[in-house]
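To keep things clear, I will list the structure first and then write my remarks on it.
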Amino acid sequence: MTRDEIMALVRTVPDFPAPGILFRDLTTLITHPAGFSSCIGQMAHCVPGGIGAIAGVEARGFIFGAALAVHLGLGFIPVRKAGKLPVPTIGTDYALEYGAARIEIDPTLLALGQSVLLVDDLIATGGTALAAAHLLREAGAVCDTALFVIDLPDLGGMAKLAEQGVEGKALLKFAGH
Ligand SMILES: O=P(O)(O)OC[C@H]1O[C@H](OP(=O)(O)OP(=O)(O)O)[C@H](O)[C@@H]1O
Ligand SMILES: Nc1ncnc2[nH]cnc12
């Protein structure tokens, strides 16, 4: 499928989860077998050499990150929302387009110096991705690339990632919020 055809499978819902937010809903893409498969195949082409593992952010980052990891024959490191991991964690609080949250990882899942690709469904303000990259680095991994299905460029997340030395790539861009 072309990128335009994949883009047409994304549903836009106004005023969710708060007034003024244009929510880009990927459930309509992942329930379309050819669309989901094509999306993962095209994401795989964006992955640089030398990546040793894929990390994905709960919850929607798990869908794309885990599928991409299987496609590439790599392991998957879950970046979890607070309080879900049964072992000691490192964590950080952060703000996103429509709220605030806390993410945590189990640092023992990462090998020192291992190159990890961060994957999420969408980057808006970049708060989530920056927090995740920071945690992966704190655990000793190298995280200098991130991959998203959607970028909302007007919210500036990719630029913030670049300032921290993380190169962000996205399959689709939606102008506006
Ligand atoms: O660039 P930002 O402004 O940080 O926003 C992007 C984040 O927002 C969404 O997650 P959300 O916290 O809504 O969680 P979910 O995946 O559990 O739905 C999305 O999946 C990204 O992780
Ligand atoms: N506009 C948006 N649509 C879907 N997920 C988001 N996460 C942050 N902003 C979002």
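Counting starts at 1 for both ligands and their atoms, following the listed order. The basis for the numbers below is simple: all heavy atoms, side chains too, and nothing from hydrogens, waters or symmetry mates.
For a heavy-atom separation below 4.0 Å, the residues in contact with ligand 1 are Glu58, Ala59, Arg60, Lys81, Leu96, Glu97, Tyr98, Asp120, Asp121, Leu122, Ile123, Ala124, Thr125, Gly126, Gly127, Thr128.
Residues satisfying the salt bridge (Lys or Arg N to Asp or Glu O under 4.0 Å) test with Asp120, not counting sequence neighbours, are none.
Residue Arg60 approaches ligand 2 through these ligand atoms, each under 4.0 Å from one of its heavy atoms: 4 (C), 5 (N). Under a 4.0 Å criterion applied to the non-hydrogen atoms of Ala124, ligand 2 contributes the atoms 8 (C), 9 (N). Residue-ligand proximity, Leu122 to ligand 2, at heavy-atom distances under 4.0 Å covers atoms 3 (N), 4 (C), 5 (N), 6 (C), 7 (N), 8 (C), 9 (N), 10 (C).
Judged purely by distance below 3.5 Å, without hydrogens or angles, the side chains of Thr27 and Asp25 pair a donor atom with an acceptor atom. One side chain, Arg24 or Thr12, offers a donor N or O that lies under 3.5 Å from an acceptor on the other.
Contact annotation: Leu22 has at least one heavy atom less than 4.0 Å from an atom of ligand 2.
Side-chain contact between Leu122 and Val149 is absent, with no heavy atoms from C-beta onward closer than 4.5 Å. The side-chain heavy atoms of Leu136 and Leu118, taken from C-beta on, include a pair separated by under 4.5 Å. Annotation: side chain of Leu68 is in contact with side chain of Leu147 (closest heavy-atom distance under 4.5 Å).
A tilted orientation is assigned to the rings of Phe23 and Tyr98, their planes being inclined by 30° to 60°.
Counting heavy atoms under 4.0 Å from ligand 2, residue Leu155 does not touch it at all.
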(request) Decide yes or no on ring pair (Phe, Tyr, Trp, His ring centres under 6.0 Å) for Phe62 and Phe76, but give the supporting numbers first. (result) CA-CA 9 Å; Phe62 285 6; Phe76 179 76; 5.6 Å; yes
